[in-house]
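Have a look at the structure below, then the notes.
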Amino acid sequence: MLDLRTVRENPEAVRNALTRRHQPDLLTEVDRLLELDQSWRETTVRRDGLRNEQNTVSREIGRLKREKQEATDVIARMQQVAQEVRELDDQLRDARGQIDSILLMLPNIPHESVPDGASEDDNVIVKHWGDRPEFDFEPRAHWDLGEGLGILDIERGGKISGRGFAVYKGQGARLQRALISFMLDIHTTEHGYTEIWPPALVNRQSMIGTGQIPKFEDDMYRLAPGAGDDADGDETRDLFLIPTAEVPVTNLHAEEILDADDLPICYAAYTPCFRREAGAAGRDTRGIQRVHQFDKVEMVKFTSAETSYDEHESLLANAEAIIQRLGIPYRVSLMCAGDLDFKGAKQYDVEIWAAGQERWLEVSSVSNFIDFQARRANIRYRPDTEARPEFVHTLNGSGVALPRLVISLLENYQQADGTVRVPEALRPYFGSDVIT
RNA sequence: GGUGGGAUGGCGGAGUGGCUUAACGCGACGGUCUUGAAAACCGUUGUAUCGGCGACGAUACCGCAGGUUCGAAUCCUGCUCCCACCGCCA
């Protein structure tokens with residue numbers, strides 16, 4: 001979330017950001033926020049003055065009592081003051097709640113290097129890599145290849161769970177396992193990431209910390225209270241399935257003050273990911289392009305404020321390295337302000353080529369959130385021993401998501417007989433050079 | 001799931017309603033002394049918010065959230081986490 005002080009002292013920067021993001025509807029929220037803040041501060045001054053009186057006089061009452069003197073009149077007067085403090089506290093709590101809820105809804109401010117634009121059509125393609133494969137036969141889509149090879153079972157996935165859940169079988173299952181190990185090994189041994197294996201269920205506070213809630217709560221899977229549970233909002237059972245490892249991994253350091261010498265902290269984590277895709281019914285429903293549960297290796301970085309944009313570039317390079325080793329053609333887009341993720345200040349998307357469908361598929365989104373998540377999750381660091389703590393910058397990028405990578409591998413490396421070659425780099429993990 | 005015991009500053013640890021805006025110790029930082037270091041001695045010590053141009057001042061924070069009271073680390077209610085034992089369990 002944004003710093004309230006930034007909004008207070010530089011509201012034009014915030015309004016400008018909303019305009020660049022093409023979200024003019026939020027401008028009135030900024031005005032409301034400024035009014036609430038003004039009255040919150042005025043009330044705070046009054047309340048603190050009364051608290052000061054309370055503290056002073058209460059000490060005096062203590063002294064009188066010790067000296068066995070009469071204090072009834074003073075106590076009667078202080079009862080009034082206490083009542084007034086209670087009323088002001090209620091007002092403050094209410095105003096603070098409204099302020100926080102607005103702050104939680106306001107998006108990050110796009111970095112100056114982010115291009116203007118209203119939609120994905122205005123994203124800037126900054127890189128192309130690799131040559132698209134050519135075939136002397138008609139290449140097939142992955143759902144045909146997968147079914148033909150017996151490695152992908154969409155229908156049974158639907159039977160046991162519902163639409164949007166896939167079953168991988170035999171060499172398909174092995175391919176999943178091989179890819180996960182392959183990617184994690186590269187990130188940990190060559191890119192300097194520490195491997196994390198986090199929970200897949202997290203509490204509400206963690207979801208707020210990384211920014212999935214409140215804005216995207218409808219896209220999240222949430223555990224229903226079990227039979228016999230209290231229905232009245234028991235925090236311990238208010239759990240969400242993670243939509244990405246970003247949530248548990250970033251929140252590892254929530255409420256902490258990190259040592260500057262430890263930065264940057266770089267984590268890589270494999271997790272399953274769960275997404276309701278609430279607003280996307282009917283889109284890309286064939287195959288495993290858009291599913292409710294998928295697997296992903298995610299990279300997360302905690303950096304100082306000075307280095308985050310450099311770290312952003314190397315994070316992108318780390319994601320690209322995976323795809324390059326698998327010999328898959330890809331392109332990188334710099335997201336325009338209008339298409340930029342709610343919580344991001346700058347974001348690259350990496351799309352790989354799927355030869356069977358002849359289209360680009362997003363497999364990685366590489367974002368710098370600057371202090372947006374760190375402020376929500378309260379993750380700070382001390383620049384040096386004497387300095388006051390500052391918010392870290394958090395970044396993350398997929399490295400990479402599996403289903404679309406599998407699609408691309410199947411479709412790009414398919415052969416006329418329906419078998420699929422396995423890229424060289426993956427063979428030690430997969431144990432074979434062809435999927436038959 | 002059950003029973004009992006805990007949670008206090010960077011760490012250890014005192015503190016059962018007012019003489020505590022948390023004692024004492026350790027650590028850290030600054031200084032004195034010293035050729036240098038150690039020891040000793042002196043001083044300092046967290047986080048956040050608000051007010052002020054500023055020096056500075058005020059408020060809040062003793063696991064979390066409410067409550068009682070003129071006044072709460074201390075009393076009450078709910079919750080979380082940790083430790084021990086019991087039960088269940090891959």
Side-chain angles (χ1 to χ4, degrees), chain A residues 1-9 33-100 103 197 199-209 223 225-240 248 251-262 371 374-392:
Chain A
M1 77 188 151
L2 301 179
D3 184 2
L4 178 56
R5 249 176 308 188
T6 302
V7 186
R8 183 189 298 155
E9 290 164 11
L33 180 62
L34 291 170
E35 283 170 30
L36 284 163
D37 176 52
Q38 180 66 28
S39 81
W40 179 82
R41 280 187 290 159
E42 286 166 8
T43 308
T44 297
V45 170
R46 282 175 57 206
R47 195 273 316 262
D48 283 358
L50 290 174
R51 290 303 293 251
N52 181 241
E53 183 183 354
Q54 263 188 327
N55 289 340
T56 312
V57 176
S58 292
R59 249 171 281 157
E60 184 64 13
I61 292 171
R63 193 183 61 77
L64 291 174
K65 294 242 170 178
R66 253 175 277 122
E67 294 170 3
K68 307 276 189 242
Q69 293 186 41
E70 186 60 42
T72 320
D73 292 349
V74 196
I75 289 175
R77 182 162 64 81
M78 291 316 288
Q79 282 173 349
Q80 297 293 318
V81 175
Q83 179 57 30
E84 205 173 333
V85 167
R86 269 192 291 272
E87 284 163 15
L88 292 178
D89 273 338
D90 287 343
Q91 287 178 32
L92 286 173
R93 209 178 320 201
D94 181 58
R96 177 47 65 182
Q98 293 187 56
I99 287 169
D100 287 344
L103 281 174
W197 198 288
L201 288 171
V202 296
N203 60 30
R204 173 172 291 272
Q205 186 54 48
S206 293
M207 294 291 269
I208 292 171
L223 292 205
D229 286 357
D230 296 336
D232 50 307
D234 187 333
E235 279 293 316
T236 60
R237 278 185 279 260
D238 195 11
L239 294 174
F240 295 81
N251 280 288
L252 281 178
H253 293 299
E255 307 292 334
E256 292 183 16
I257 298 175
L258 303 171
D259 194 330
D261 294 340
D262 294 336
D371 56 0
R375 184 168 285 110
R376 287 173 169 243
N378 197 23
I379 309 169
R380 293 174 293 171
Y381 75 109
R382 214 178 280 282
D384 62 81
T385 41
E386 297 297 298
R388 314 187 67 177
E390 287 180 22
F391 289 109
V392 299

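The chains referred to below are lettered A, B, ... by the order of the sequence lines, with proteins before strands, and numbering in each begins at 1. The figures here come from the full heavy-atom set of this structure, side chains too, leaving out hydrogens, waters and symmetry mates.
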Q. Looking at side-chain heavy atoms only, is the closest gap between I99(A) and R96(A) below 4.5 Å?
A. yes
Q: Could you tell me whether R86(A) and D89(A) have a side-chain N and a carboxylate O separated by less than 4.0 Å?
A: no
Q | Rounded distance in Å - CD (E42(A)) to P (rG52(B)) | A | 11 Å
Q.
Measure CG/D261(A) against C1'/rA28(B) and give the value in whole Å, please.
A. 15 Å
Restricting both atoms to N or O, compile the protein contacts to nucleotides 48-50 of chain B shorter than 3.5 Å, with distance only.
residue	atom	partner	partner atom	Å
rA48(B)	OP1	R380(A)	NH1	3.0
rA48(B)	OP2	R388(A)	NH2	3.2
rU49(B)	OP1	R5(A)	NH2	3.1
rC50(B)	OP1	R8(A)	NH1	2.9
rC50(B)	OP1	R8(A)	NH2	2.8

Q: Rounded off to whole Å, could you give me the CD-to-P distance for the Q80(A) and rU69(B) pair?
A: 14 Å
Q. How does RNA chain B read in dot-bracket, base by base from 5' to 3', with Watson-Crick or G-U pairs under 3.5 Å and | used when the partner is on another strand?
A. ((((((((.[[[..)..(.....]]]((((((.......))))))((((((....)))))).[[[[[..)....]]]]])))))))....
Q.
Please check this pair: side chain of R382(A) against backbone of D259(A), looking for a donor-acceptor N/O pair closer than 3.5 Å.
A. no
Q) Under 4.0 Å between a side-chain N or O of R93(A) and OP1 or OP2 of rG66(B)? A) yes
Q. Looking only at atom types and distance, does a side-chain atom of N203(A) sit under 3.5 Å from a main-chain N or O of S206(A), one as donor and one as acceptor?
A. yes
**Q.** Pairwise P distance for rC62(B) and rG10(B), with rounding to whole Å
**A.** 13 Å
Q: Side-chain contact test, heavy atoms from C-beta onward, threshold under 4.5 Å: evaluate it for W40(A) versus L92(A) and give yes or no.
A: yes
Q) rU47(B) P sits how many Å from F391(A) CZ, rounded? A) 13 Å
Q.
Among residues 49-56 of chain A, which ones have heavy-atom contacts with RNA chain B below 4.0 Å?
A. R51(A), N52(A), Q54(A), N55(A)
Q: Sticking with atom C1', work out how far rC81(B) lies from rA14(B), rounded to a whole angstrom.
A: 24 Å
Q | Q54(A) and R51(A): CA distance, side-chain angles, deciding distance, side-chain contact (heavy atoms from CB on, under 4.5 Å) verdict | A | CA-CA 5 Å; Q54(A) 263 188 327; R51(A) 290 303 293 251; 3.3 Å; yes
Q) Given the P atoms of rU68(B) and rA73(B), what is the spacing between them in whole Å? A) 16 Å
(Q) Using whole Å, what does the distance between atom P of nucleotide rU47(B) and atom CG of L258(A) come to? (A) 15 Å
Q) Is there a side-chain contact (heavy atoms from CB on, under 4.5 Å) between D371(A) and V392(A) once you walk through the steps? A) CA-CA 6 Å; D371(A) 56 0; V392(A) 299; over 6 Å; no
(Q) Within the 3.5 Å criterion, strictly below it, is a donor on Q80(A) or E84(A) matched to an acceptor on the partner's side chain? (A) no
**Q.** Atom C1', compared across rA39(B) and rA23(B): separation rounded to whole Å
**A.** 26 Å
Q: For nucleotides rU69(B) and rG87(B), find the distance between their C1' atoms and express it as a whole number of Å.
A: 43 Å
Q: Would you mind reading off the distance between R47(A) atom CZ and rU59(B) atom C1', rounded to a whole angstrom?
A: 7 Å
Q. Between R382(A) and rC29(B), is there a side-chain N or O to OP1/OP2 distance below 4.0 Å?
A. no
Q.
Please give the distance between the P atoms of rG6(B) and rC61(B) as a whole number of Å.
A. 24 Å
Q | R63(A) with E67(A): basic N within carboxylate O range, under 4.0 Å | A | yes
Q) Can L258(A) and R380(A) be said to form a side-chain contact (heavy atoms from CB on, under 4.5 Å), step by step? A) CA-CA 6 Å; L258(A) 303 171; R380(A) 293 174 293 171; over 6 Å; no
Q: Could you verify whether a donor N or O on one side chain and an acceptor N or O on the other, from E87(A) and Q83(A), lie under 3.5 Å apart?
A: yes
**Q.** Nearest-angstrom distance from the residue atom CD1 of I257(A) to P of rG9(B)
**A.** 13 Å
Q) How close or far is atom C1' of rG71(B) from atom CG of L64(A), stated in whole angstroms? A) 13 Å
Q: Considering only atom C1', compute the distance from rA58(B) to rU21(B) and round it to an integer number of Å.
A: 11 Å
(Q) On RNA chain B, compare the nucleotides closest to M78(A) and R63(A); which residue's is nearer the 5' end? (A) R63(A)
Q.
Please check if the number of heavy atoms outside R41(A) that lie under 6.0 Å from its CZ is greater than 12.
A. yes
(Q) Say we look at rG31(B) and rA22(B): how far apart would their P atoms be, to the nearest angstrom? (A) 27 Å
Q: Compare all side-chain heavy atoms of I379(A) with those of E256(A) and state whether any distance is below 4.5 angstrom.
A: no
